[in-house]
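Below is one structure, written out as structure tokens, with a few remarks after it.
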Amino acid sequence: MKKLRLVQQIVDEGVVAVLRGDTWEEVVEMAEQSIAGGIKVIEITMTVPFALRAIEQLAAKYSSTSSDPSTYAIIGVGTVLDPETARAAILSGAEFVVGPSLNPATVTLCNRYRVPAMPGVMTVKEIQEALELGVDIVKLFPGNLYSPAMIKAIKGPVPQANIMPTGGVSLDNLGEWIKAGAVAVGIGSDLTAAAVKKRDYSLIAERAAQYIAAYKAAKS
């Protein structure tokens, strides 16, 4: 049941912060500011040096089962290329696993431990393969290669697919993606770029709040 609960929580939250940085400490700060701004689903990418340390620290502080809004968050891992990396991240506290592409062995590993896997896909063929492996949400990546109309096109032959575009999603087009049928969206550099440039991480909380407001407006 844990996997089903987590999938539903991710869909309910609707916005995933995809965080990259030069150090794991920097990414922890980014995550905390994102959570403070209202984005409760955090993806720490494995491109971050010592990313597992960031996951461990955040997983120790936040919980997907917490009833306290200040300590409630879902911490996951991204840019996972293989099952070995997925298992290391899960043991470090990651509650979901995201990859840039579809790796069947990684999905199998995640299913074994009842952890949601969200592989990157670009074609209907890959989406079908992901569904057959038991994937609940596929990541349309890179999203900036498509328009929201892509979701409608996919759902013609594969209406049961739950699609999360990542890459190229912004405040300007988030509403279009949601109204087109996206179950959630992944937000990357647009969330953190200004804060990193100005070395003011409080800007991430402000930006996160804007994304949550835009998401709620689109859903309503």
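Everything numeric here is computed off the predicted structure, so don't read it as measured data. Atom set for the values below is all heavy atoms of this structure, side chains included, hydrogens, waters and symmetry mates excluded. We're numbering straight along the sequence, starting at 1.
Using a 4.5 Å heavy-atom cutoff, the side chains of Lys40 and Tyr62 are not in contact. Residues Val7 and Asn162 are not in side-chain contact: their nearest non-hydrogen atoms beyond the backbone lie 4.5 Å or more apart. Using a 4.5 Å cut-off on side-chain heavy atoms (C-beta onward), Glu32 and Leu58 make contact. Side-chain contact between Asn103 and Pro83: present, with at least one pair of heavy atoms (C-beta onward) separated by less than 4.5 Å. In this structure, the side chains of Leu131 and Val158 come closer than 4.5 Å at one or more pairs of heavy atoms. Annotation: side chain of Trp177 is not in contact with side chain of Ser147 (no heavy-atom distance under 4.5 Å). Counting only heavy atoms from C-beta outward, the side chains of Met118 and Glu43 never approach each other to under 4.5 Å. In this structure, the side chains of Phe96 and Val41 come closer than 4.5 Å at one or more pairs of heavy atoms.
Checking side-chain atoms of Thr45 against main-chain N and O of Leu19 turns up a donor-acceptor pair under 3.5 Å.
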Legend entry - Derivation of the side-chain contact (heavy atoms from CB on, under 4.5 Å) call for Gln57 and Arg53: CA-CA 6 Å; Gln57 183 164 318; Arg53 293 184 184 177; over 6 Å; no
Legend entry - Working for side-chain contact (heavy atoms from CB on, under 4.5 Å), residues Leu109 and Ile90: CA-CA 10 Å; Leu109 182 283; Ile90 292 168; 3.9 Å; yes
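Closest approach of Glu126 to Met122, counting heavy atoms only: OE1-N, 2.6 Å. Minimum interatomic distance between Ala94 and Ile55 (heavy atoms only, all atoms of both residues): N-CG2, 3.6 Å.
For Thr47 and Thr79, the side-chain atoms include no donor-acceptor pair closer than 3.5 Å. Remark: the Arg5 side chain and the Gln9 side chain contain an N/O donor-acceptor pair separated by less than 3.5 Å. Side chains of Glu132 and Gln128: a donor on one and an acceptor on the other come within 3.5 Å. Glu13 and Tyr215 form no side-chain donor-acceptor contact under 3.5 Å, judged by distance and modelled atom types alone.
More than 12 heavy atoms of other residues, nucleotides or ligands lie within 6.0 Å of CG in Asp68, so this atom counts as buried by the packing criterion.
For the atom pair CG of Leu81 and OG1 of Thr106, the computed distance is 8.0 Å after rounding to the nearest 0.5 Å.
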